[in-house]
Structure formats: C-alpha cells, structure tokens
Amino acid sequence: MKKILFVATHRQDRSPSQRFRFEQYLKFLEKEGISYHFSPLLSESDDSHFYSKGKIGTKLLILVKSFFKRMSDVLLSSGYEIIFIQREAFVTGTVFFEKIWRLLGKKIIYDFDDSIWLLDVSDANKKFSWMKNPGKTANIISLSTVIFAGNEYLADYARRFNNNVELMPTTIDTDLYRAYSRLPEGVICIGWSGSITTIKHYDHAIPVLKRIKKKYGDQVKFKVIGDKNYVNTDLSVVGIAWNKENEVDELNTFDIGIMPLPDDKWSKGKCGLKGLQYMSIEIPTIMSPVGVNTEIIQDGINGFLARTEDEWVEKISRLIESPELRKKLGQAGRKTVLEKYSVNANKEKYLALFQKIIS
C-alpha cells in the first residue's frame with residue numbers, strides 16, 4: 001500500500017488553510033488505496049500557549065519539543081513514498097527537515113495558499129520575528145517534486161524556482177456548506193468570517209459599515225465570526241469564536257457576506273476562502289477586487305466587487321433593498337462554487353496528481 005506523510009503546523013480541523021486544501025481530500029485518498037499519517041507540529045495545549053501574548057519561556061520549550069517531533073518524523077519517513085508539506089515543516093526560518101527528506105530521496109509535495117515569502121507575524125509573536133525567514137519559501141519550492149499553488153499569483157512565484165507547479169484552488173465541501181431554509185427576520189445581517197490574524201482586514205470595511213448603519217439604522221445588524229475578543233461599539237458588534245461544530249449554522253445567519261482586503265502583495269496571494277464559503281451557502285457576496293477575487297466574482301452576475309468606499313456603500317445598499325437581488329446573486333454564487341471551487345469538481349485532478357507522483 002502506498003503511504004503519504006502529511007506534515008503541517010496544526011492539528012486536524014484547526015487551520016482553515018489545512019482544512020480547505022488537503023484535509024477534506026484525505027478520505028478520498030484512502031478510497032484510492034493510499035494510506036497516510038498526519039503529523040501536526042503543535043498540540044492543542046501548545047497551540048493555546050503559542051498564539052498567546054508573552055509566555056516566552058513556554059514558547060521556547062514548545063519549539064524544542066517541536067524540533068524533536070520533526071526529527072521523529074524524519075526517522076519514521078522511510079516507510080513513506082511522499083512527504084506532503086503544507087506551508088512549512090517547522091515554524092522558524094530553517095529548511096533543515098525539507099533538505100533531509102530531499103537527501104533521503106523522498107518525493108515532496110509542497111502546498112501553499114498565501115504570499116508567505118513576505119514577512120507576516122502574528123501580534124502575539126512579534127518578538128520572535130527575527131526567527132522567521134520569508135526566503136525559506138523559495139528554498140522549499142526548489143527542493144520539492146511538485147508544488148500545489150492556491151492561485152495563479154502564487155503559481156507565478158513558484159515557477160521562478162521550480163517548473164513543476166500545479167494550480168490547485170482552495171475548495172469547499174458543498175455537501176456540508178449549503179443554505180438552510182429559514183424565514184427572514186426583517187433585519188439584514190451583514191457578516192464577516194475570519195480569524196484573529198485576519199480581523200485587521202475587517203477594519204477596512206468599518207467606514208463603509210458606519211455609513212450603512214447611519215443610512216439604515218435598525219434595519220441592519222453586523223456579525224463577526226473568528227475573533228471572540230473583537231468589539232466595535234459603533235456597530236454594536238461583539239465577535240464570536242470560530243467553532244467547527246456550528247460554523248455552517250452561524251454563516252447561515254448572514255444575509256450579506258463581505259470580504260474586504262487591502263490592495264497589497266500579501267492580499268494578492270489570498271485564495272478567496274471567505275467569499276467561497278459565503279457563496280457556497282448562497283449568501284450574496286461582496287469582495288474587494290484583489291487577486292483571485294476578480295476571477296471568482298463576475299461583478300453583478302454571481303456577486304459584487306467593490307473598490308472604493310462609495311462602491312461598497314452603493315452595492316451593499318442594493319442588496320439590503322432587494323431580496324430578489326440577494327437571492328439571484330446567492331444562487332449564482334453557489335453555482336460558481338459547485339462548478340469550479342468545490343471538492344467534487346476538483347477531487348479527480350487532486351487524486352490523479354498523487355497517483356502520478358507515486359507511480
């Protein structure tokens with residue numbers, strides 16, 4: 001039986017990048033007779049400490065423990081045909097483990113879905129930024145057998161260091177992510193879903209949402225999923241924590257989904273996950289026209305693109321005032337995901353690539 005070692009930072013069902021890029025395909029690999037071992041770097045306990053502010057001593061101990069965990073993976077890797085690395089094998093700037101696997105003759109699949117060659121460190125770990133090495137991304141790409149890039153912008157970067165690059169979009173399990181039948185409440189919910197690290201993108205929409213609040217008053221409300229510590233008193237928003245068990249339920253409370261982004265190099269590498277989640281649930285979606293968003297959304301057909309503050313206000317207003325438009329764009333958005341960005345639409349290509357690499 002063919003075997004794959006999946007190497008990632010987080011445990012299963014913890015990281016959106018992992019969940020929507022490879023974890024949801026694991027069951028299909030098993031059906032193809034390919035077994036796997038999943039090796040996350042951080043345990044649940046480590047995770048809670050590693051992304052909290054301070055705790056420098058504890059974090060250093062976690063790094064030491066994590067190093068030995070990866071050394072254990074190296075020792076066990078003789079039984080695996082493929083090493084699948086999602087983003088990086090280790091959280092510092094080293095490519096030590098990737099080099100060892102290459103020296104051992106392992107076939108390496110490298111998967112990434114952000115502009116991670118740019119320095120981006122969580123607020124909780126700013127003091128450790130000196131340990132990061134954005135240039136390691138290029139080194140890992142050059143060491144790999146094949147690269148799975150989340151969009152064309154990332155693929156173009158990867159092709160500078162390796163010719164064997166496959167465009168693999170971030171995908172949605174549309175059997176799970178679907179709209180529920182529910183009666184409208186009368187109050188339009190404008191929602192955003194993300195994480196502690198991406199809540200800064202929501203702030204780009206605050207001037208817009210304040211204008212919407214002033215214009216529509218109690219006809220609208222706002223919801224933030226992903227950062228339980230987020231508070232905006234002007235919009236009466238208190239963020240709620242992300243929870244896998246009720247994520248689809250919470251998203252189904254949105255009447256309009258927003259994905260604001262700054263137009264910068266980091267955002268150009270984003271793979272549109274938030275928008276794709278909204279669209280899969282038939283939530284009419286408005287995105288900033290940055291990076292892959294302009295490929296996902298056909299403005300006015302399956303969603304809206306909005307660049308300026310006035311464009312955002314105008315298009316949100318149209319959706320607030322027209323249930324028919326919300327329904328039309330929501331259904332068209334779902335159709336787009338089903339055809340291009342769903343697990344079902346991409347699994348055959350995904351599995352074929354693994355079979356080709358193993359053979």
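Residue pairs that meet the side chain to side chain donor-acceptor pair (under 3.5 Å) test with at least one member in residues 161-175, sequence neighbours left out, are Arg21-Thr170, Gln24-Thr171, Tyr25-Thr171.
In Lys215, the NZ atom is crowded: over 12 heavy atoms of neighbouring residues, nucleotides or ligands sit closer than 6.0 Å.
In this structure, the separation between CD on Glu314 and CZ on Arg211 is 11.0 Å, given to the nearest 0.5 Å.
Smallest separation of non-hydrogen atoms from Ile225 and Ala241: CG2-O, 4.5 Å.
The pair Lys213-Asp234 does not count as a salt bridge, with every side-chain nitrogen at least 4.0 angstrom from each carboxylate oxygen. With respect to the salt-bridge test (charged N to carboxylate O, under 4.0 angstrom), the residues Asp156 and Arg159 qualify.
Under the 30°/60° scheme for interplanar angles, the aromatic rings of Trp192 and Tyr202 are found to be tilted. In this pair, Phe22 and Phe38 present their aromatic rings tilted. The plane angle is within the 30 to 60° band.
Between the side chains of Gln86 and Ser17, at least one donor N or O sits under 3.5 Å from an acceptor N or O. Counted by atom type alone, Tyr110 and Glu98 present zero donor-acceptor pairs between their side chains at under 3.5 Å. A donor-acceptor contact under 3.5 angstrom links the side chains of Ser267 and Asp264, judged on distance only. Side-chain atoms of Trp101 and Ser77 form a donor-acceptor pair, as typed in the model, at a separation below 3.5 Å.
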Report task. Test Glu282 against Lys327 for salt bridge (Lys or Arg N to Asp or Glu O under 4.0 Å), laying out the working first. Result -> CA-CA 8 Å; Glu282 299 185 23; Lys327 182 177 180 180; over 6 Å; no
Requested in this report: Show your working on side chain to side chain contact (heavy atoms under 4.5 Å, CB included) between Val337 and Arg334 and close with a plain yes or no.
Outcome: CA-CA 5 Å; Val337 175; Arg334 167 86 176 173; 5.9 Å; no
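Residues forming a side-chain hydrogen bond (donor to acceptor under 3.5 Å, both in side chains) with Glu311 (at least two apart in sequence, or on another chain): none.
Ring pair Tyr36/Tyr80: centre-to-centre distance not below 6.0 Å.
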